[in-house]
Participant: 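Shown below is the structure under consideration.
To find a chain, count down the sequence lines: A is the first, B the second, and so on, and within it residues start at 1. Only this structure's heavy atoms are used, side chains among them; waters, hydrogens and symmetry mates stay out.
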2 protein chains.
Amino acid sequence: MTRRKLNRDKAMKEKTPPANRPVNLKILGEYLDLSPATISLVLNNAPGVKSIPQDTRDRVIAAAKKFDYRPSFYARSLRGRRSFSIGVLVPELSDGYSAHVMDGIEQVLIEEGYFYLTASHRRKADLIEEYPRMLQDRSVEGFIVIDTLLEQAPPMPTVAVAGHRKLPGVTNITLDHRRAAELSLKHLYQLGHRRIAFMRGRASSSDSADRWKSLMAVAKELGLEVLPELTMQVEGIVSTPELGFPITHELLRRTRDFTAIVAFNDLAAIGAIRALREHGLAVPEDVSVVGFDDFEHAAYHSPSLTTIRQPLHKMGDMAARILLGHIRGQDGFENEVAIVPELVIRESTAPPPARRKKR
Amino acid sequence: MTRRKLNRDKAMKEKTPPANRPVNLKILGEYLDLSPATISLVLNNAPGVKSIPQDTRDRVIAAAKKFDYRPSFYARSLRGRRSFSIGVLVPELSDGYSAHVMDGIEQVLIEEGYFYLTASHRRKADLIEEYPRMLQDRSVEGFIVIDTLLEQAPPMPTVAVAGHRKLPGVTNITLDHRRAAELSLKHLYQLGHRRIAFMRGRASSSDSADRWKSLMAVAKELGLEVLPELTMQVEGIVSTPELGFPITHELLRRTRDFTAIVAFNDLAAIGAIRALREHGLAVPEDVSVVGFDDFEHAAYHSPSLTTIRQPLHKMGDMAARILLGHIRGQDGFENEVAIVPELVIRESTAPPPARRKKR
DNA sequence: TGATTGTGCTTAATCGTTTTTTCAGAAGGC
DNA sequence: GCCTTCTGAAAAAACGATTAAGCACAATCA
């Protein structure tokens, strides 16, 4: 009987009570009378495992199962310089936009063995600076930033969803705003609308500028005038219909000489409809309203909203896939990925009053 | 000139180019001609730092700043057996409930130097089992589970938001459903409603049972009958107003002999209002509807919703504070923390038709 | 002079893995 | 009988930080 055999028997008898601390390779090694290295090799099916006979492997695997061995994530990360975590930077979790994108992100990440840390900056410039650093300190391997204007690209793979600023090394996933503008304006145009009021997004929302430019361009092509007196500026940072309420109120106090509103988003559209109603105007009979986003409630508002659907879940999905691609150094780098929007026609748009009468 | 002085000068001259890898204590130590231990002591202001003269400390701090030294989170976690992370388990990020609670959670956690990992189980039993394990493997120090029925308490500090099941070691943060039921039923009762239809939540939503019991109890006290033929069962797992639409449709096909609906939540209330309208019934003129939650859109729906407000943000805030308390072993354990709801009266409730005519 | 007390650090162990290198003993080849 | 080749592992060196213990030297004290 060799010394080793003796030791093994002893170990078998002692049975290593589950201890207070979680079982690790060393404990497992003592129990099996093997070195931690061997166990690691077996459990990871590493190349060097070839020289280890099947019955040893079985013993190892059985013991790991028996003691419910779970490798220490931190030890592993430290050694392998990987964290399998990414950072997600959002304006606000509860704004209804981010959560949908994150839903898409999450599904992809979990499948690939990644988790993510979230930080919401509430559109405060100092936090937009600080949080990426904090997440870097947590060793994230990459970033996804949602609807956020970064000043600087973080020094690691980064994908921006709806971040229009072009930063070196950052892939932007954005809606094809040109196409979106065409969808909403042509829809109104074909219904017969010619005097259209617009909402211009706030500067801190990264989508705003692009969307506005596209609307201008398409309006011009259609021969529609975008009149300053029919242009509303979205203000404040609320994520309730309040977004569109006061400015539409204000517009109506000035003039009623328009037959349609292109709202900044669905929330603003709902606020606008409220304001119109309070001024005795019916939607869509007197004024048509087009939204943007197609969030859940769009279909259930009354009237239900005609809107431009943004496939947020899919954008999150793509963001995650592209980011993982960058992290793994797989595919080539793309600076811009365009997502195709879709027009969803519901009740809030109809031909303008004049045209209706003609019929 | 001592040997050390010489070395230091040499180090000064060499200037250690920022290398490809992030700077660590060893590199910093070579640059400063100090041991990693000393630097760690100084930077952490550890007890042993007392014996280190101010000018050495200054040198260390200056160098750390110069090279933008950031301690490896994983090394630290490994050594200190702390992860400063918690796991958050939610049914779905985008359901509008979780995100609000998480908003509250996040603010507290970040302030305290914690981050969180999120996993959404989409109400699938296998994922509800699997995700906590995955998060444990990531060494989270505790859990917050939102609107989720756990089968087993995880072996670490756990706080449940709206999880009515009583598990040993788990603190439940729940709405005072009794109070909520009183608020909504008394409101309807005082308006004159006597025949009231109810929606019963789906079994997988952890709030359902409690809410139902409380409604029954209060109804009884008020002498209101809860008729089986006026009881709707919420089905499906959608988080759109679709929740309340088909069942209200179905109810109306059977009977119109009721003057009010207590909806399961605001979404279901909106669906119900849609259905009522399609059947030619006006809200609140013919039927009053009370919601639950007071989500953003409640105020902007038309009619705006009378509802029971759940302070979700605050619940998240409390969940995080209580969890951190448990983790730090501070305060005593409480099995249940009740949150007080609030009645928000808006347009969707009014006296019933009969009573109106009398007036 | 020898012992004590402070300074100002360093050493070494530790956290739990992974991975490369090494090595003992058996088997086979000449 | 000596050299090589397998086989089946162990040993050791990372990864980067923390922290208790130790140590050299100088100053003070008896």
Participant: Starting at atom CD1 of A:I27, determine the distance to atom C1' of C:dT17, rounded to an integer number of angstrom.
Facilitator: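 Taking atom C1' of C:dT17 as the reference, CD1 of A:I27 is at 14 Å.
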Participant: Tell me: NZ of B:K26 to P of D:dA17, nearest whole Å?
Facilitator: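 It works out to 11 Å between those atoms.
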Participant: Look at the side-chain N and O atoms of A:T56 and state whether any lies under 4.0 Å from the OP1 or OP2 oxygen of D:dA9.
Facilitator: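 True: A:T56 side-chain N/O within range (under 4.0 Å) of D:dA9 OP1/OP2.
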Participant: Could you state the atom-to-atom distance from OH of A:Y74 to C1' of C:dT18 in whole Å?
Facilitator: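 Rounded to whole Å, this separation is 19 Å.
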Participant: Looking for any heavy atom pair under 4.0 Å, which part of the strands does B:R57 touch: base, sugar-phosphate only, or nothing?
Facilitator: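 The answer is nothing, as B:R57 stays clear of every strand by at least 4.0 Å.
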Participant: Do the charged groups of A:R123 and A:D147 touch, with an N to O distance under 4.0 Å?
Facilitator: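 Salt bridge: yes.
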Participant: Using OP1 and OP2 only, check whether a side-chain N or O of B:S51 sits under 4.0 Å from C:dT7.
Facilitator: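 B:S51 to C:dT7 OP1/OP2: no side-chain N or O under 4.0 Å.
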Participant: Does a nitrogen or oxygen in the side chain of B:R76 sit under 4.0 Å from OP1 or OP2 of D:dG16?
Facilitator: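 No.
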Participant: When the nearest nucleotide of DNA chain C is assigned to B:D55 and to A:P36 on a heavy-atom basis, which residue is associated with the more 5' position?
Facilitator: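 Counting from the 5' end, the first nearest nucleotide belongs to B:D55.
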Participant: Do other residues, nucleotides or ligands put more than 12 heavy atoms under 6.0 Å from the CD atom of A:E336?
Facilitator: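 More than 12 within 6.0 Å, yes.
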Participant: What's the CG-P distance between A:D137 and D:dG16, to the nearest Å?
Facilitator: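 In whole Å, D:dG16 P lies 15 Å from A:D137 CG.
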Participant: Using OP1 and OP2 only, check whether a side-chain N or O of B:T38 sits under 4.0 Å from C:dC9.
Facilitator: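 No, outside the criterion.
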Participant: Can you check whether B:F67 and B:Y31 have ring centres sitting under 6.0 Å from each other?
Facilitator: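 Ring-ring flag for B:F67/B:Y31: true, centres closer than 6.0 Å.
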Participant: Grab the CG-P distance between A:L43 and C:dT19 for me, whole Å please.
Facilitator: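 Result: 13 Å.
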Participant: I'd like to know if A:R165 pairs up with A:E151 as an ion pair, taking the criterion as any Lys NZ or Arg NE/NH1/NH2 lying under 4.0 Å from an Asp or Glu carboxylate oxygen.
Facilitator: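 Yes.
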Participant: Take the protein atom CG of A:D33 and the nucleotide atom P of D:dA11, then report the distance between them rounded to whole Å.
Facilitator: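 Value for this atom pair: 10 Å.
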Participant: Between B:R328 and B:E112 (salt bridge meaning N to carboxylate O under 4.0 Å), is one present in this structure?
Facilitator: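 Salt bridge flag = yes for B:E112 with B:R328.
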Participant: Under 4.0 Å, heavy atoms only, any strand: does B:P53 hit a base, just the sugar-phosphate, or nothing?
Facilitator: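 Sugar-phosphate, backbone atoms only, no base.
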Participant: Working note: B:R321 + B:D317, criterion salt bridge (charged side-chain N to carboxylate O under 4.0 Å, His left out); need CA distance, chi angles, decisive distance, verdict.
Facilitator: CA-CA 6 Å; B:R321 284 184 206 286; B:D317 179 294; 2.8 Å; yes
Participant: Report the distance from atom CZ of B:R82 to atom P of D:dG16, rounded to the nearest whole Å.
Facilitator: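 Distance, rounded to whole Å: 23 Å.
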Participant: Would you say C:dT18 has OP1 or OP2 under 4.0 Å from some side-chain N or O of A:N44?
Facilitator: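 Yes, A:N44 has a side-chain N/O under 4.0 Å of OP1/OP2 on C:dT18.
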Participant: Go through C:dT17, C:dA12, D:dG16 for me and flag the one nearest to the B:A37 side chain.
Facilitator: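 My answer, after comparing the listed nucleotides, is C:dA12.
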Participant: Touch check for A:I52, heavy atoms < 4.0 angstrom, all strands: base, sugar-phosphate only, or nothing?
Facilitator: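 Result for A:I52 = sugar-phosphate.
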Participant: Check whether any side-chain N or O of B:Y69 sits under 4.0 Å from OP1 or OP2 of D:dA17, and answer yes or no.
Facilitator: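 So the side chain of B:Y69 is within the cut-off, an N or O lying under 4.0 Å from OP1 or OP2 of D:dA17.
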Participant: Rounded off to whole Å, could you give me the CG-to-P distance for the B:L41 and D:dG16 pair?
Facilitator: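 The distance from CG of B:L41 to P of D:dG16 comes to 20 Å, rounded to the nearest Å.
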Participant: Do A:R79 side-chain and C:dT17 base share a donor-acceptor contact under 3.5 Å?
Facilitator: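 No.
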Participant: Would one find a side-chain N or O of A:S72 under 4.0 angstrom from OP1 or OP2 of C:dT17?
Facilitator: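 No, outside the criterion.
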